[in-house]
**Q** 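Dropping the structure in here first, questions after.
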2 protein chains.
Amino acid sequence: MAKPPTIVDVAHMLGVAPSTVSRAFNNPRILKPDTVARVLAKAAELGYVPNRHAQALTTGRSGLVGLVIRDVSNPFFARAIRATQREAERLSLNAIVVECDSDADREQRLIDRVLPQVEGLVLASTRLSAARLTELSRRTRVVLVNSDLAGFTRVLASASEALDQGIRLLAGAGARKLAYVGGPPYSWSEAERWGTVRRVAAERGLAVTYVSANMGTYGEGRAAAVSIAEAEVDAVVAFDDVIAHGVLDGLTILGVRVPEDVRLLGCDDALPIETHPRLSTVRLDIEQAFVTAVRALAEGSVSGQRILVPGVLTVRETT
Amino acid sequence: MAKPPTIVDVAHMLGVAPSTVSRAFNNPRILKPDTVARVLAKAAELGYVPNRHAQALTTGRSGLVGLVIRDVSNPFFARAIRATQREAERLSLNAIVVECDSDADREQRLIDRVLPQVEGLVLASTRLSAARLTELSRRTRVVLVNSDLAGFTRVLASASEALDQGIRLLAGAGARKLAYVGGPPYSWSEAERWGTVRRVAAERGLAVTYVSANMGTYGEGRAAAVSIAEAEVDAVVAFDDVIAHGVLDGLTILGVRVPEDVRLLGCDDALPIETHPRLSTVRLDIEQAFVTAVRALAEGSVSGQRILVPGVLTVRETT
DNA sequence: TCTTCACATGCAAACGTTTGCATGTCAGTG
DNA sequence: CACTGACATGCAAACGTTTGCATGTGAAGA
């Protein structure tokens, strides 16, 4: 691990000034093409790579964005990570991923830690209070995903419209009693989904019972199946696919057939696997949402706009 | 986003030298306790936070480690990311995650990009050639996970022993014909697993057919079910749980019952969900593996040791 | 009372870039 | 042939730390 060559090394070997080398990389058009070529050639020969720390120090730009999520094992966030990283790559950035477990204090702590290294932060379904977010936005650029807080640039992956369609479909197929298995409370997604379910159910004259799966785990979904079976509903809408799969498994164990006895609709469409029968769901355009978020960050748009990215109903075998 | 206070601001307000402030943070014991207290208090009051870029420039330490993986949506890597980040956190580091899709060139490109920012790299199931790795190790610290290359510090999450047990269990239950559904070729894990299956099968006098699922996706697993059914085997061992679940679904569609007609054993135990019947598998200690890797990096142990982390057989309902 | 030394702190260089300004050259114009 | 500019490049300061060395202080020992 010999120490790498610096801009000065390259400059000396060529008998030019360090600034010339710097410009050959950052501002080649103001140099004589021949000079640029010589510098680049020599740099390649020596294996010169700019020192990002030094660059960051002078320019204030570190080339890093932070992505703050709740749970890496949730497939939703897998898609989020991939999209974020891909877009960052396109913008010559690197992404640093932080998992913070639905715990606001931990989230704050971890954010404080990455803060000094990043140019900006994408917060997915953050648990931070409005006050803390405002404070945060004074220290760095912030873009919110799936949090609808006025004044912030925010991207919302909306399931509302597709869910509406889905419920009408269920009602059309004869469903009268509905259960909604809710996910993490206080999240924008939960509020939007539960709100939509309640509203549309009311419009269509469907009864709806609420069952909770606060942590959003598979196990909770399976446990929820018991109360669902007791409630003798015709259809279930779940907060997301992980929960939906839990419900599916739970119902199967109890001898309830899906979709014959009960129809089931999930949300996200992010699972790396399928089950049998294949789950009907709302496919969210998570990629689009995070790509948009990263772009907004990079552009430095502190515009505070509210961007909605709609999902689409994907009917498979459980409805 | 007013520009944050620097060490010099703090120093001036207190009438001390910048170096004193620096020492109050990094080397408090050589200062008068009272001074330390005053500095810390004033720093807190001003909201002073050390500039990591400047620190990185002088010390050469960026506080960042890179984690290079193949596929974020694979649950194996979800556990890897979590463990890495947690351990990094404990060591006051941040982790930067890079997904590179089983593509050596892309991997090289992305590594080159993060290289200047990180103190070291954890490469999980890398696709890089030995030559490239050697070259890489001259430029930064490298720890390998699930690649067994002599000379490098490497951590191996081994399924061998547990797989051996599992196959003996299958044989004991009367299995005579085995299928192995292989994952990404050229990976150490694949070599170890397939090697173990073949060896143990031979020892027990079992016939074994190889079916491939090169990309390691659910869909390939499901497709593989067809050839499995044709081969009329008694038991299937799959490279990992994602594939195993695909196989399970595929077999179910074909009317083959698991475990009655065919027994099924997966590997990893990382899925955020379960299916019905619950999958028997080898639970790998992925956390332990990555925690070890990060520690080795942080300690700067270029010792080149080979660390084996064994998995345990977890019998559930498919065997 | 003078010397010695430990201890606490200050000074200034260094880390590797970027960038505003100064300088030098040369072609084109009058 | 002198003058103006455009153009290419050099010079040096700045970014915010860390750290080896120098300095100043006061207490302990002689």
Side-chain angles (χ1 to χ4, degrees), chain A residues 1-40 42-43 46-64 92 115-119 139-140, chain B residues 1-43 46-64 92 113 115-119 139-140:
Chain A
M1 257 185 290
K3 96 153 76 162
T6 75
I7 219 172
V8 215
D9 298 328
V10 181
H12 276 139
M13 302 212 61
L14 252 42
V16 302
S19 45
T20 301
V21 179
S22 172
R23 286 192 260 256
F25 284 93
N26 304 315
N27 212 355
R29 42 194 6 163
I30 75 165
L31 289 189
K32 208 159 50 174
D34 167 62
T35 312
V36 176
R38 273 169 47 230
V39 169
L40 261 32
K42 183 57 88 179
L46 295 184
Y48 165 74
V49 178
N51 179 320
R52 312 257 355 206
H53 308 317
Q55 286 185 316
L57 183 55
T58 41
T59 63
R61 306 204 51 191
S62 63
L64 285 175
S92 305
L115 205 52
Q117 329 216 29
V118 300
E119 291 184 29
R139 307 207 279 152
T140 193
Chain B
M1 259 186 287
K3 95 151 77 162
T6 75
I7 219 172
V8 211
D9 298 328
V10 181
H12 276 141
M13 302 213 60
L14 252 42
V16 301
S19 46
T20 301
V21 178
S22 172
R23 285 191 261 256
F25 284 92
N26 304 313
N27 212 354
R29 41 197 1 166
I30 75 165
L31 254 32
K32 208 157 52 174
D34 167 61
T35 312
V36 176
R38 272 169 47 230
V39 170
L40 263 32
K42 182 56 85 177
L46 296 184
Y48 165 75
V49 178
N51 179 321
R52 311 257 356 205
H53 308 317
Q55 286 185 317
L57 184 56
T58 42
T59 62
R61 307 204 50 190
S62 63
L64 285 174
S92 304
R113 167 169 297 184
L115 205 53
Q117 328 216 27
V118 301
E119 291 183 29
R139 307 207 279 150
T140 192

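Numbers restart at 1 for each chain; the letters A, B, ... are given by sequence-line order, proteins then strands.
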**Q** Donor-acceptor pairs under 3.5 Å, side chain of residues 34-42 of chain B to any protein atom, not counting sequence neighbours: which ones?
**A**
unit_1, atom_1, unit_2, atom_2, d
B/Lys42, NZ, B/Glu45, OE1, 3.3

**Q** Using a cut-off of strictly less than 4.0 Å between a heavy atom of the residue and any atom of DNA chain D, enumerate the qualifying residues of residues 18-26 of chain A by number.
**A** A/Ser19, A/Thr20, A/Arg23
**Q** For the residue pair B/Ala24 and B/Pro28, what are the closest heavy atoms and their distance?
**A** O-CB, 3.6 Å
**Q** Roughly how far apart are B/Asn51 CG and A/Ser62 OG, rounded to 0.5 Å?
**A** 10.0 Å
**Q** Atom CG of A/Leu46 and atom CE of A/Met13: how far apart are they, to the nearest 0.5 Å?
**A** 5.5 Å
**Q** Taking all atoms of both residues into account, what is the closest heavy-atom pair of A/Pro116 and B/Pro50, and its distance?
**A** CB-O, 4.1 Å
**Q** In residues 30-38 of chain B, what residues come within less than 4.0 Å of DNA chain C, judged by heavy atoms?
**A** B/Ile30, B/Leu31, B/Lys32, B/Thr35
**Q** Closest-nucleotide mapping onto DNA chain C: is A/Pro4 or B/Ala17 further toward the 5' terminus? I mean the 5' end.
**A** B/Ala17
**Q** Hey, what do you get for CD (A/Gln55) to CG (A/Leu57), rounding to the nearest 0.5 Å?
**A** 11.0 Å
**Q** Quick check for you: to the nearest 0.5 Å, what is the distance between A/Asn27 atom CG and A/Ser19 atom OG?
**A** 11.5 Å
**Q** Residues from residues 53-63 of chain B sitting under 4.0 Å of DNA chain C, heavy atoms only?
**A** B/Leu57, B/Thr58
**Q** Taking all heavy atoms of A/Glu119 and all of A/Gly63, pick out the closest pair and write down the distance.
**A** OE2-N, 2.5 Å
**Q** Going 5' to 3' along DNA chain D, between which two nucleotides do contacts with chain A fall, using a heavy-atom cut-off of 4.0 Å?
**A** D/dA8 to D/dG16
**Q** Give, for atom OG1 of A/Thr59 and atom CZ of A/Arg52, the distance between the pair rounded to the nearest 0.5 Å.
**A** 8.5 Å
**Q** So, taking the atom named CG in A/Leu14 and the one named OG1 in A/Thr20, what distance separates them when rounded to the nearest 0.5 Å?
**A** 9.5 Å
**Q** For residues 7-33 of chain A, which residue pairs pass the salt bridge (Lys or Arg N to Asp or Glu O under 4.0 Å) check, not counting sequence neighbours?
**A** none
**Q** Provide the closest heavy-atom pair for B/Tyr48 versus B/Ile7 in the form atom of the first, atom of the second, distance.
**A** CE1-N, 3.4 Å
